[in-house]
Asks: 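Before I ask anything, here is the structure I am working with.
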Amino acid sequence: MQTETKEEFRVRVFTLIGAIPEGSVATYGQIAGLAGAPKHARAVGYLLKHLPAGSSLPWHRVINSQGKISFPPQSEKFRQQSELLRSEGVQVQGGKIALRQYQWC
DNA sequence: CCTTTGACGCTTG
DNA sequence: ACAAGCGCCAAAG
């Protein structure tokens with residue numbers, strides 16, 4: 001069935017994000033690419049946006065290609081994500097991740 | 001069915 | 001380093 005494709009993509013995305021270890025971050029494009037759809041970065045963002053409140057998915061470890069948090073500064077989400085990242089040992093400056101690489105494996 | 005939106009990405013100036 | 005424009009695709013209205 002074709003319905004598997006969308007489902008598969010979603011499952012892959014969730015699995016990949018869940019596989020990001022602490023202290024590491026991945027980009028939306030990276031996740032989409034590993035999920036088999038390099039151009040579906042936005043779809044990844046859509047999925048995260050539609051995340052249930054209780055999901056244990058480390059969404060905060062997903063950032064954009066610019067290595068920055070995809071939230072407007074001073075917004076609650078922005079602050080929360082940067083706090084979570086910092087608590088995992090990721091250095092954040094002005095919404096930008098102080099890392100040289102965004103790949104974890 | 002068509003239009004709009006969006007937790008993105010890449011190129012150009 | 002930063003801003004604007006274009007592309008790309010899925011979900012919602």
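Proteins get letters first, then strands, A, B, ... in listed order; numbering begins at 1 in each.
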Asks: Looking just at side-chain N and O atoms, do Glu83(A) and His60(A) make a donor-acceptor pair shorter than 3.5 Å?
Replies: no
Asks: Could you give the NZ-to-C1' distance, from Lys68(A) to dA3(C), as a whole number of Å?
Replies: 11 Å
Asks: Just N and O in the side chain of His40(A): are any of them under 4.0 Å from OP1 or OP2 of dA10(C)?
Replies: yes
Asks: Kindly compute the distance separating CG (Leu16(A)) from CZ (Arg61(A)), expressed to the nearest 0.5 Å.
Replies: 13.5 Å
Asks: Using whole Å, what does the distance between atom P of nucleotide dT5(B) and atom NE2 of His50(A) come to?
Replies: 16 Å
Asks: Separation of Gln93(A) atom CD from dA1(C) atom P, in whole Å?
Replies: 12 Å
Asks: Rounding to an integer number of Å, can you tell me how far Leu48(A) CG sits from dC8(B) C1'?
Replies: 12 Å
Asks: Are Lys96(A) and dA1(C) close enough that a side-chain N or O sits under 4.0 Å from OP1 or OP2?
Replies: yes
Asks: Is Ser70(A) close enough to dC8(B) that one of its side-chain N or O atoms is under 4.0 Å from OP1 or OP2 there?
Replies: yes
Asks: Distance check needed: dC8(B) C1' versus Leu47(A) CG, whole Å only.
Replies: 13 Å
Asks: Is there a donor-acceptor pair closer than 3.5 Å between any side-chain N or O of Arg86(A) and the backbone N or O of Gln91(A)?
Replies: no
Asks: Just the rounded figure in Å: distance from P of dA10(C) to NZ of Lys49(A).
Replies: 17 Å
Asks: Mind checking the CD1-OG1 spacing from Ile97(A) to Thr27(A)? Nearest 0.5 Å is all I need.
Replies: 11.5 Å
Asks: Rounding to an integer number of Å, can you tell me how far Lys39(A) NZ sits from dC10(B) C1'?
Replies: 11 Å
Asks: So, does the side chain of Tyr28(A) form a donor-acceptor pair with the base of dA7(B) at under 3.5 Å?
Replies: yes
Asks: To the side chain of Asn64(A), which of dG9(B), dC9(C), dA12(C) is closest?
Replies: dG9(B)
Asks: Quick check on dC8(B): is either OP1 or OP2 less than 4.0 Å from any side-chain nitrogen or oxygen of Thr27(A)?
Replies: no
Asks: Rounded to the nearest 0.5 Å, how far does CZ of Phe14(A) lie from CG of Leu57(A)?
Replies: 6.5 Å
Asks: Nearest of dA7(B), dA11(C), dC8(B) to any side-chain atom of Tyr46(A)?
Replies: dA11(C)
Asks: Write down the distance between CD (Gln66(A)) and C1' (dG9(B)), rounded to a whole number of angstrom.
Replies: 9 Å
Asks: Of the options dC10(B), dC8(B), dA7(B), whose atoms approach the side-chain atoms of Ser65(A) most closely?
Replies: dC10(B)
